[in-house]
Amino acid sequence: MNYSYSIAIRTLGTSGEKFVRELESIKRQTVQPEKVVVYIAEGYNRPEYTIGKEEYVWVKKGMMSQRILRYDEIDSPLLLLLDDDIELAPDSVEKLIGAMEGNQLDCIAPDTFRNHKMPLFRKIYAGVTNLVFPHYSDKWAFKIHGNGSFSYNNSVKKDVYLSQSAAGPASLWKKDVFLALHLDDELWLERFGFPFGEDALTFNKLFKNGYRMGVHYNSGVKNLDGKSSSGAFQLNTRKFYVRSIASLLIWYRICFSPSNLSIFRRIWAVLSFSIKALWLLLVNTLAAIRLLRPQALYYYLKGLFDGIKLIHSKDFQSLPNYVVR
């Protein structure tokens with residue numbers, strides 16, 4: 001494998017000290033990148049701190065718009081995609097490239113959220129609020145289920161597992177595979193202001209198209225959690241609407257619409273999502289009462305109804321198939 005790689009960072013330029021730590025960690029890599037290209041949102045100022053090798057490119061604002069690009073500025077065969085709040089251990093890239101080669105992967109992502117290390121109450125909360133549960137597979141890091149929710153490996157015994165999805169803050173791709181997936185077909189998710197569920201939508205497309213992806217549990221990559229975009233999203237009551245409509249549309253896109261699914265898989269997906277939607281109706285009702293925000297329930301239901309209408313719209317039905325190979 002050609003070990004040559006470049007780094008692409010998406011940013012608003014507002015992460016401050018976290019971005020400084022990221023750039024310093026890049027400078028310490030045992031395997032140095034050919035290029036470091038920072039894709040900054042239009043209208044934002046370039047950060048003052050520099051390690052002297054970054055190039056800045058201004059692009060349309062949006063978490064997906066700043067990630068799903070052609071990367072014409074980069075010629076390297078490998079592409080390390082980073083958020084602006086990631087800190088790498090000195091040998092992180094060396095480990096990721098080695099694992100990619102050793103396991104014949106097309107993409108590998110470090111486990112930055114450590115789901116299996118969450119306290120018990122957090123695991124229970126994730127299960128209750130979004131039907132996200134642990135599993136005990138010897139093969140998979142993350143699995144996407146028929147209802148659109150994911151499960152995570154709760155018994156990690158080795159560094160690298162195959163995966164059906166991953167976390168988005170950091171990932172190493174074969175550039176030609178990234179481009180072959182036509183991820184720009186999924187930019188519809190940006191229309192809701194915050195691309196809730198972006199990671200599942202993009203990484204599962206890799207899996208659904210027959211490519212191999214892995215998750216590395218011991219890469220030394222840290223998520224410093226700058227919350228540049230997600231912080232404002234979490235504070236806004238409209239998040240209940242965005243989560244509802246995005247979850248439905250992503251489920252339809254990845255669990256129901258792919259052309260290679262059997263009729264039985266589609267029926268199971270509909271039943272699974274229907275049960276999930278009814279369960280989350282109860283969850284959102286309780287949330288509206290506890291938070292004294294009756295609009296939370298309204299937004300949840302409106303998201304489902306608007307999502308059903310959007311699924312049947314000409315624009316959504318004209319999207320290219322999720323399976324592109």
Side-chain angles (χ1 to χ4, degrees), residues 8 10 39 59-74 77 79 81 105-109 142-150 162-168 171-213 242-270 272-273 303-325:
R10 63 178 173 185
Y39 295 89
V59 294
K60 180 181 177 182
K61 181 183 177 183
M63 290 179 67
M64 294 183 73
S65 297
Q66 290 173 244
R67 173 60 48 83
I68 299 174
L69 301 164
R70 296 296 304 174
Y71 295 109
D72 293 329
E73 302 82 7
I74 293 173
L79 187 61
L81 305 180
L105 302 175
D106 300 293
C107 173
I108 187 167
F142 298 98
K143 294 193 278 188
I144 299 290
H145 299 278
N147 61 7
S149 292
F150 73 90
L162 293 175
S163 195
Q164 300 173 18
S165 187
S171 55
L172 180 68
W173 292 74
K174 291 180 179 177
K175 184 187 174 187
D176 59 346
V177 171
F178 182 90
L179 296 178
L181 288 175
H182 297 285
L183 291 170
D184 52 319
D185 292 340
E186 313 309 326
L187 285 171
W188 56 265
L189 189 59
E190 288 266 42
R191 72 174 68 185
F192 306 119
F194 181 83
F196 180 83
E198 168 201 2
D199 296 349
L201 183 65
T202 53
F203 284 113
N204 193 243
K205 193 168 191 178
L206 182 86
F207 170 74
K208 283 287 198 309
N209 279 277
Y211 292 105
R212 287 171 59 87
M213 84 163 296
V242 174
R243 287 170 56 180
S244 178
I245 190 170
S247 295
L248 172 59
L249 295 173
I250 291 171
W251 163 82
Y252 180 85
R253 192 85 173 117
I254 70 179
C255 299
F256 183 84
S257 70
S259 59
N260 60 352
L261 293 182
S262 68
I263 185 65
F264 300 106
R265 290 283 298 276
R266 288 192 171 94
I267 292 172
W268 172 246
V270 170
S272 299
F273 187 83
L304 288 180
F305 288 124
D306 286 357
I308 291 170
K309 286 193 290 186
L310 191 55
I311 282 173
H312 292 94
S313 70
K314 183 177 179 180
D315 285 349
F316 204 78
Q317 287 296 319
S318 65
L319 287 174
N321 199 281
Y322 196 64
V323 175
V324 298
R325 291 185 82 182

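Side chains are part of it too, since the values below use all heavy atoms of this structure and drop only hydrogens, waters and symmetry mates. Positions are given from 1, in the same order as the sequence printed here.
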Starting at [atom1] of [X], measure out to [atom2] of [Y] and round the result to the nearest 0.5 Å.
X: Leu105; Y: Tyr211; atom1: CG; atom2: OH; value: 14.0 Å
X: Leu201; Y: Trp251; atom1: CG; atom2: CH2; value: 14.5 Å
X: Leu310; Y: Ile308; atom1: CG; atom2: CD1; value: 11.0 Å
X: Lys143; Y: Ser165; atom1: NZ; atom2: OG; value: 13.5 Å
X: Arg67; Y: Arg10; atom1: CZ; atom2: CZ; value: 4.0 Å
X: Ile68; Y: Glu198; atom1: CD1; atom2: CD; value: 6.5 Å

Would the distance check show the side chain of [X] and the main-chain N or O of [Y] forming a donor-acceptor pair, the cut-off being under 3.5 Å?
X: Asp106; Y: Met213; answer: no
X: Gln66; Y: Gly62; answer: yes
X: Lys205; Y: Val324; answer: no
X: Arg212; Y: Leu162; answer: no
X: Arg266; Y: Pro258; answer: yes

Item to complete: Walk me through it: do Tyr39 and Tyr71 pass the test ring pair (Phe, Tyr, Trp, His ring centres under 6.0 Å)?
Response: CA-CA 10 Å; Tyr39 295 89; Tyr71 295 109; 5.3 Å; yes
[X] and [Y]: which non-hydrogen atoms are nearest, and at how many Å?
X: Cys107; Y: Ser171; answer: SG-CB, 4.4 Å
X: Leu261; Y: Cys255; answer: CD1-O, 3.2 Å
X: Gly197; Y: Ile250; answer: O-CD1, 3.5 Å
X: Phe273; Y: Asn147; answer: CD1-O, 3.4 Å
X: His145; Y: Phe150; answer: CD2-C, 4.1 Å

Close side-chain approach of [X] and [Y], heavy atoms under 4.5 Å:
X: Leu181; Y: Thr202; result: no
X: Phe196; Y: Ser247; result: yes
X: Ser65; Y: Glu190; result: yes
X: Phe178; Y: Leu81; result: yes
X: Ile144; Y: Phe203; result: no
X: Leu249; Y: Leu189; result: no
X: Phe256; Y: Val270; result: yes
X: Arg191; Y: Ile245; result: no

Item to complete: Using the side-chain contact (heavy atoms from CB on, under 4.5 Å) rule, take Ile254 and Gln164 through it: C-alpha gap first, then chi angles, then the decisive distance, then the call.
Response: CA-CA 11 Å; Ile254 70 179; Gln164 300 173 18; over 6 Å; no
Fill in: Other residues, nucleotides, ligands: >12 heavy atoms within 6.0 Å of Arg70 CZ
no
Practice prompt. Please check if atom CH2 in Trp188 has more than 12 non-hydrogen atoms from other residues, nucleotides or ligands closer than 6.0 Å.
Written response: yes
Worksheet item: Are Glu186 and Lys208 within salt-bridge range, i.e. N to O under 4.0 Å?
Response: no
